[in-house]
Asker: 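So that we are looking at the same thing, I have put the structure below in structure tokens.
We use all heavy atoms of the structure for the numbers below, so side chains are in, but hydrogens, waters and symmetry mates are not. Each residue takes its place number in the sequence, starting with 1.
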Amino acid sequence: MIKIFLLLLSITPAFAHAQLTWHPSEKHNSGLPPSIRVYETTDSLDGKPFRAFYLEADLQDPQLTFEMHIGNGKRYTAAQYDSMIGPSVLSVINTTFFSFKDNSNLNIVMHNGKVLAVNPPSHNVRNKTIYTTRGAFGIDKKGRPDIAWVYNVGRKKKAYAYDAPATPDIQGTDTTYRQPNKRYPRGAHRWKMKEAAGGGPVLVQDGKPFVTVKEERMNGVAASHPRSAVGYTADGKLILLAIEGRNKGVAEGVTLEQMAKIFTDLHCEEALNLDGGGSSALYVNHMNTIKPSDANGQRAVPAVLVIRRK
């Protein structure tokens, strides 16, 4: 996507932690195709116990398919999605934020080019309706990845991507709080993805940390937590990252800023935070990677990104 940041709507902080050392995960890699590799680390992060895994997959491997699956009004664990889809599954990672009340996805989901769920249409802030674009990850029909600020427009809820996150209240220059459409904010274009899932905030743009928490109006995500996230490299490698947390003395989780630095260390062009906490799960080769933070094990979620053999 086009990158125009209008002097950067947020100030990118300095990230100083040392680069982590990653090692191949023997048990997770056993039997996987060579275009998928899994790596793990237990290096401390900024002096705190840390544990994480990432999966790297070649988006252009003709023997792989990358697709979103939803629970159709229900929630399932990563292991349950794995079992329901069948033995062709190689990995499953959670994606969207969701409602515990009705199991609905609170971010965009697209499958085979069809919009199954939409990004938040608006927020109420101090009795004003505020419209924001929200981060999303997608793969087009040619296997090309993108991370963008996305809004669903019109009766058919078509996805549009924007040059920068729409934040009229933060900029202080737009008092109309207009709803995003085909031409506003500036730079809008149809986001023609085959598969997509939202989350937020965006973590990396142009290979540099660019964490848009304020612009996407996301609250309660700043502290160290277990986390899931997605990114990609310039040479077409998908990166799925799962960070363990709330495991005292073993893994304390990570902040968004720390995670952005991890993605840039892995040479990602763009990266996006997904739902975290108890929802975080990266299930590879029919096995967990990180230890779930919920006492009852994996949390059931309504949408996942699946990699499987064709």
Side-chain angles (χ1 to χ4, degrees), residues 1 3-22 39-41 43-48 50-56 93-97 107 132-138 145-150 163-165 167 170 197-234 237-245 251-277 279-280 282 290 305:
M1 64 178 290
K3 283 57 170 207
I4 301 174
F5 292 113
L6 307 176
L7 298 180
L8 297 184
L9 298 179
S10 60
I11 302 300
T12 302
F15 303 95
H17 71 250
Q19 189 165 338
L20 299 165
T21 302
W22 297 88
Y39 300 88
E40 62 181 309
T41 185
D43 284 359
S44 63
L45 184 68
D46 294 335
K48 295 183 179 181
F50 182 75
R51 186 168 184 257
F53 289 79
Y54 79 86
L55 178 150
E56 180 183 275
I93 190 170
N94 67 292
T95 56
T96 64
F97 295 91
N107 305 96
T132 57
T133 53
R134 185 63 62 83
F137 165 77
D146 188 35
I147 288 172
W149 294 279
V150 174
D163 292 345
T167 54
I170 293 173
V202 170
L203 301 170
V204 174
Q205 285 281 293
D206 287 328
K208 299 177 182 179
F210 188 68
V211 182
T212 54
V213 177
K214 291 181 180 179
E215 292 84 351
E216 297 186 45
R217 284 222 158 265
M218 301 191 71
N219 300 315
V221 296
S224 293
H225 294 291
R227 296 195 185 273
S228 299
V230 59
Y232 67 88
T233 64
K237 298 296 192 300
L238 177 70
I239 304 293
L240 303 180
L241 177 64
I243 295 172
E244 191 169 315
E252 296 190 8
V254 70
T255 66
L256 296 172
E257 287 78 12
Q258 288 171 324
M259 191 159 58
K261 175 62 163 55
I262 291 170
F263 274 110
T264 58
D265 287 344
L266 294 174
H267 309 293
C268 284
E269 288 293 297
E270 298 185 316
L272 174 75
N273 181 57
L274 301 169
D275 189 15
S279 298
S280 287
L282 176 59
I290 63 171
L305 168 58

Asker: For Thr96, what residues pass the side-chain hydrogen bond (donor to acceptor under 3.5 Å, both in side chains) criterion, not counting sequence neighbours?
Answerer: Asn105
Asker: Report the C-alpha separation of Glu270 and Tyr232 in whole Å, then their side-chain angles, then the decisive distance to 0.1 Å, and conclude whether the side chain to side chain donor-acceptor pair (under 3.5 Å) test is met.
Answerer: CA-CA 6 Å; Glu270 298 185 316; Tyr232 67 88; 2.5 Å; yes
Asker: Taking Glu216 for the side chain and Val202 for the main chain, is one N or O donor matched with an acceptor at less than 3.5 Å?
Answerer: yes
Asker: How would you list, by chain and number, every residue that makes a salt bridge (charged side-chain N to carboxylate O under 4.0 Å, His left out) with Arg227, sequence neighbours excluded?
Answerer: none
Asker: Check for a donor-acceptor pair, side chain of Gln258 on one end and backbone N or O of Thr255 on the other, with a separation under 3.5 Å.
Answerer: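 Indeed, once roles are kept as given, a pair shorter than 3.5 Å links the two residues.
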Asker: Taking the side chain as C-beta and beyond, is there a heavy-atom pair between Glu215 and Trp149 under 4.5 Å?
Answerer: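 Contact flag for Glu215/Trp149 side chains = no.
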Asker: Please list, chain by chain and in numerical order, all residues satisfying side chain to side chain contact (heavy atoms under 4.5 Å, CB included) with Thr264, sequence neighbours excluded.
Answerer: Val204, Pro209, Lys261
Asker: Below 4.5 Å, heavy atoms only, C-beta onward: do Lys48 and Leu45 meet side chain to side chain?
Answerer: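 No, side chains not in contact.
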Asker: I'd like to know if the side chain of Asn107 reaches the main chain of Phe97, judged simply by a donor and an acceptor atom lying under 3.5 Å from each other, with no hydrogens or angles considered.
Answerer: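 Side chain of Asn107 to backbone of Phe97, a donor-acceptor pair under 3.5 Å: yes, one is there.
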Asker: Sequence neighbours excluded, which residues qualify as side-chain hydrogen bond (donor to acceptor under 3.5 Å, both in side chains) partners of Ser280?
Answerer: Ser228
Asker: Nearest 0.5 Å, please: how far is CG in Leu240 from OH in Tyr54?
Answerer: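 Tyr54 OH to Leu240 CG: 11.5 Å, rounded to 0.5 Å.
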Asker: Whether Glu56 and Lys237 form a salt bridge (side-chain N of Lys/Arg under 4.0 Å from carboxylate O of Asp/Glu) is what I want to check.
Answerer: no
Asker: Tell me, please, which residues at least two apart from Asn273 pass side-chain hydrogen bond (donor to acceptor under 3.5 Å, both in side chains).
Answerer: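 For Asn273, no residue satisfies side-chain hydrogen bond (donor to acceptor under 3.5 Å, both in side chains) once neighbours in sequence are set aside.
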Asker: Residues two or more places apart in sequence or in another chain: which of them pass side chain to side chain contact (heavy atoms under 4.5 Å, CB included) with Thr41?
Answerer: Leu20, Trp22, Asp43, Phe50, Ala52
Asker: Donor-acceptor pair, Asn94 side chain versus Asp275 backbone, under 3.5 Å?
Answerer: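 Flag set: sc Asn94 to bb Asp275 pair under 3.5 Å.
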